[in-house]
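Structure first, then comments.
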Amino acid sequence: MSLYLGSPVEEFLAIADTGSDLIWVQCKPCEECYPQKAPLFDPHASSTYKVISCNASSCSSLPQTSCGEGSQCEYKYGYGDGSLVDGFLSSDTLSFDSTGGRRIQIPSILFGCTHRSNGTFSKNGAGLVGLGGGKLSLIRQLGSAIESKFSYCLPSSSQTSATSRLNFGASADVSASNAVTTPLIAGFPSTFYFLSLEQVSVEGQGAVKVKPGMQIGSHTEEGNIIIDSGTTLTLVDDETLKSIATKVVSSVKLPQVKDPNNDFNLCFDVSGVGANAQFPDITFQFAGGASVVLHQSNAFVEAAQNVVCMTLVSSAGIGVNIFGNIAQQNFHIGYNLDAALSSTDNIYSKIIPNSFEYLMSLYLGSPVEEFLAIADTGSDLIWVQCKPCEECYPQKAPLFDPHASSTYKVISCNTGSCSSLPQTSCGEGSQCEYKYGYGDGSLVDGFLSSETLSFDSTGGRRIQIPSILFGCTHRSNGTFSKNGAGLVGLGGGKLSLIRQLGSAIENKFSYCLPSSSQTSATSRLNFGASADVSASNAVTTPLIAGFPSTFYFLSLEQVSVEGQGAVKVKPGMQIGSHTEEGNIIIDSGTTLTLVDDETLKSIVTKVASSVKLPQVKDPNNDFNLCFDVSGVGANAQFPDITFQFAGGASVVLHQSNAFVEAAQNVVCMTLVSSAGIGVNIFGNIAQQNFHIGYNLDAMQLTFAPADCANL
């Protein structure tokens, strides 16, 4: 594949390999290297070239490293055929051609500057591009910029003058009417794209069942074959191969001969028929009903004069079954790594009440550590407190140690993801340092990073999601509970968990918040198909686009007090210099419900008329309307308050959603003034015991009353 490296750019050709991660080219000086036609890359001639330190987390992502001269990250990187390269992990600008005709620059891509190489590399190539699923691959480094999608179509190896394209992003969709789809299966190592091969059929001879799963070292994998553009032949286990070979021999009426090069298991003498030799189709049936028919050119190859061999061979030597590149020729093959996350199971997170906020569980790092963090639909950044954390709020759980995780990576301050944060600076080593604030004045400060997040799933297995952007917070100040280790931004902005998961969860999530008084209750935050809210009493209202994109805006038309009539709410809302169509946001991270002073005054009047109890001042100055219940205690009765949103969506707040015990014998209404922050908010007390579903593709929000502790 072609790539443009450095500043000024130099064009190189390099092996396109979906079975490995490291991108590398041969660099000056390169005394012990395979010969290549193109000039060696000269790192000193590129103004954007940087060497990576051996203390960097990206260095620890490589399987074998050492500290070279000047603390450079020196690697040794090996391949299944015994080839080995050795050099320094570096970063530079990669450039690509685009469908619009201009060249697109992508800064700070990690790659290997190889100074020693040994193996079966062609002089036509200057290196290799790892397109695997691991952290250092080109695909994972490009990540959300290409929607985690790529595709290729490999011409026949006999078409030596043919070219085709490796596409990224939206142009990588494979939508032909005869296309078939099979799940990508998470496995170890994350480099490999695992598939589930169910059977192999030989034309006219029937099918061979393939045993499920595959043992790789000490790991038992659910997938039983990988797809690899960097391996030529297709490798299967001996038992399967023996059965396939028997069926092929029964089909082909030609004499068998031994392969003169000892590469193949089954060969035929075609001297009597030459180019007219006929061989059967071999069909690979993958999970999901995906039948891939390998015609003669995909399953048989001329190994020597008058010798044609089957391209399926034994995997015994390397212990991994592989669907190789001859089998892939003349198929348009598309990889959607977001869709792979939810191809078989739907992920979820546990929700736990914690004193008028809600914590969600998440598993972070490799090996995984479990944390509880605030579930917040009113912000975007995901963050946890990290070692060292000297100026931080106290937490019960151990701090996250980024150096203990093999998949942790710091993000550069020159990246687009860094510029997505509202306030950043360039920290030591060009790290993206952020300061992130909240409406209550809380502030956190740390480094934008990426890491593997894992979730429980409806199928019972844990699903790993690599390269999720999050903040490693080293300083914090604010009203955070010691029971939580951080916060998960579930808002609509680019860095939120929801937007990062994107199409993998069909841009849908839902939650059901138990009553804050049910301290031992738990519920679920669901993602994807299992996030649909379909109760018969559900109501739906539009989500309205607005600024900032973080917020989920709604249109609140009126608020009614039981027995006292309705209060019309003025449309729109002014946020800074922006006039928004929506006039309220829904926020799981804000406790109370905030409305404008004019609306609040009218609601207070109606509630005061309905409640025949003496009014008292809130001792904590949090509430606008409070009552003395000393004479009636738990028998105090308060009116329902109904929020009517656009689309006829009436959400009835019963007593537990609209009134709270603020002190002994003092009950206060949970609707307060928004004047202090200038944003109307439908808070989490109002949301308790509603199943609330967000569909960001349809731009709809659905409410259904529910007993969340037992949903």
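Counting heavy atoms from C-beta on, the side chains of Glu433 and Cys426 never come closer than 4.5 Å.
Distance alone, capped at 3.5 Å, places no donor-acceptor pair between the His578 side chain and the Phe547 backbone. Side-chain N or O atoms of Gln141 include none that pairs as donor or acceptor with a backbone N or O of Leu138 at under 3.5 Å. The main-chain N or O of Pro402 is never found under 3.5 Å from a side-chain atom of Ser405 such that the two would form a donor-acceptor pair. Checked by atom type and distance alone, the side chain of Asp532 never pairs as donor or acceptor with a backbone atom of Ser534 at under 3.5 Å. Here the side chain of Ser674 pairs a donor or acceptor atom with the backbone of Val595 at under 3.5 angstrom. Looking at Glu369, its side chain never comes within 3.5 Å of a backbone N or O of Gly365 through a donor-acceptor pair. The closest donor-acceptor contact from the side chain of Ser420 to the backbone of Leu495 lies at 3.5 Å or more, if one exists at all. A donor-acceptor contact shorter than 3.5 Å links the side chain of Thr458 to the backbone of Asn346. Using modelled atom types, no side-chain atom of Ser457 and backbone atom of Ile347 make a donor-acceptor pair closer than 3.5 Å. The main-chain N or O of Gly133 is found under 3.5 Å from a side-chain atom of Arg140 such that the two form a donor-acceptor pair.
With sequence neighbours excluded, the residues satisfying side chain to side chain contact (heavy atoms under 4.5 Å, CB included) with Asn354 are Glu357, Leu359, Ser481, Asn483. Scored by the side chain to side chain donor-acceptor pair (under 3.5 Å) test, Asn684 finds no partners at all (sequence neighbours excluded). By the side chain to side chain donor-acceptor pair (under 3.5 Å) test, Ser196 pairs with no residue at all, sequence neighbours left out. Under the rule for a side chain to side chain contact (heavy atoms under 4.5 Å, CB included), the partners of Glu147 that lie at least two apart in sequence or sit in another chain are Lys149, Ala170. Partners of Asn620 under the side chain to side chain contact (heavy atoms under 4.5 Å, CB included) rule, at least two apart in sequence or in another chain, are Asp618, Asp622. Residues passing the side chain to side chain donor-acceptor pair (under 3.5 Å) test with Thr540 are Thr702, sequence neighbours excluded. A search for side chain to side chain donor-acceptor pair (under 3.5 Å) contacts involving Ser510 returns His691, not counting sequence neighbours. Val539 pairs by the side chain to side chain contact (heavy atoms under 4.5 Å, CB included) definition with Ala649, Val651, Phe703, not counting sequence neighbours.
Checked options Phe643, Phe682, Phe659; the residue passing with Leu671 is Phe643 (criterion: side chain to side chain contact (heavy atoms under 4.5 Å, CB included)). Among Phe480, Phe400, Phe470, the one residue that satisfies the ring pair (Phe, Tyr, Trp, His ring centres under 6.0 Å) test with Trp383 is Phe480.
Atoms CD and NE2, on Glu390 and His474 in that order, are 11.0 Å from each other to the nearest 0.5 Å. Once rounded to the nearest 0.5 Å, the distance linking OG1 of Thr593 with CG of Leu600 reads 11.0 Å. For the atom pair OG of Ser60 and CG of Leu89, the computed distance is 10.0 Å after rounding to the nearest 0.5 Å. In this structure, Ile52 CD1 and Ser91 OG are separated by 4.5 Å, a value rounded to the nearest 0.5 Å.
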- Residues Ile677, Leu594; criterion side chain to side chain contact (heavy atoms under 4.5 Å, CB included); working and verdict: CA-CA 9 Å; Ile677 64 168; Leu594 284 62; 3.5 Å; yes
- Message: Between Ser476 and Gln385, does the side-chain hydrogen bond (donor to acceptor under 3.5 Å, both in side chains) criterion hold? Intermediate values first, please.
- Response: CA-CA 8 Å; Ser476 61; Gln385 294 196 128; 2.6 Å; yes
- Run the side-chain hydrogen bond (donor to acceptor under 3.5 Å, both in side chains) check on Tyr363 and Gln464 step by step: do they pass? CA-CA 9 Å; Tyr363 304 94; Gln464 291 186 327; over 6 Å; no
- Message: Run the side-chain hydrogen bond (donor to acceptor under 3.5 Å, both in side chains) test on Thr473 and Tyr434 for me, step by step, so that the C-alpha distance in whole Å, both residues' side-chain angles and the decisive distance to 0.1 Å come before the verdict.
- Response: CA-CA 9 Å; Thr473 287; Tyr434 61 82; 2.6 Å; yes
- Query: Given Tyr358 and Gln688, is the side-chain hydrogen bond (donor to acceptor under 3.5 Å, both in side chains) satisfied, shown in steps?
  - Reply: CA-CA 10 Å; Tyr358 289 86; Gln688 290 172 13; 3.1 Å; yes
- Message: Go through it in stages, so that I can follow the logic: the residues are Cys389 and Cys392, the test is disulfide (SG to SG under 2.5 Å), and I'd like the CA-CA distance, side-chain angles, deciding distance and then a yes or no.
- Response: CA-CA 6 Å; Cys389 207; Cys392 291; 1.8 Å; yes
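Closest of all the heavy-atom pairs between Cys432 and Thr424 is SG-CG2, 4.0 Å. Counting all heavy atoms, side chain and backbone alike, Ala373 lies closest to Leu362 at CB-CD2, 3.9 Å. The minimum heavy-atom distance linking Phe527 with Ser349 is given by the pair CE1-N, 4.2 Å. Of all non-hydrogen atoms in Leu381 and Gly471, the two that sit nearest each other are CD1-N, 4.0 Å. The minimum heavy-atom distance between Ile685 and Asn657, with the atom names listed, is O-ND2, 3.0 Å. Across every non-hydrogen atom of Gly486 and Tyr393, the tightest pair is N-OH, 3.3 Å.
In this pair, Phe194 and Phe192 present their aromatic rings perpendicular. The plane angle is above 60°, beyond the 30 to 60° band.
Salt bridge Asp697/Lys508: absent, no basic N to carboxylate O contact under 4.0 Å.
Taking the ring axis of Phe455 as reference, the NZ or CZ atom of Arg462 does not stay both within 45° of it and closer than 6.0 Å to the ring centre.
In summary, the side chains of Tyr511 and Gln687 do present a donor paired with an acceptor at a separation below 3.5 Å, with no hydrogens or angles considered. Looking only at atom types and distance, the side chain of Asp440 has a donor-acceptor partner in the side chain of Ser442 under 3.5 Å away.
For residues 488-497, the set of pairs meeting the salt bridge (charged side-chain N to carboxylate O under 4.0 Å, His left out) definition, not counting sequence neighbours, is empty. Under the disulfide bond (SG atoms under 2.5 Å apart) criterion, the residue pairs touching residues 667-711 are Cys512-Cys708, Cys626-Cys668, with sequence neighbours excluded. Pairs passing the side-chain hydrogen bond (donor to acceptor under 3.5 Å, both in side chains) check and including a residue from residues 183-195, sequence neighbours excluded, read Asp21-Thr191. Applying the salt bridge (charged side-chain N to carboxylate O under 4.0 Å, His left out) test to residues at least two apart or on different chains, none of the pairs has a partner in residues 405-422.
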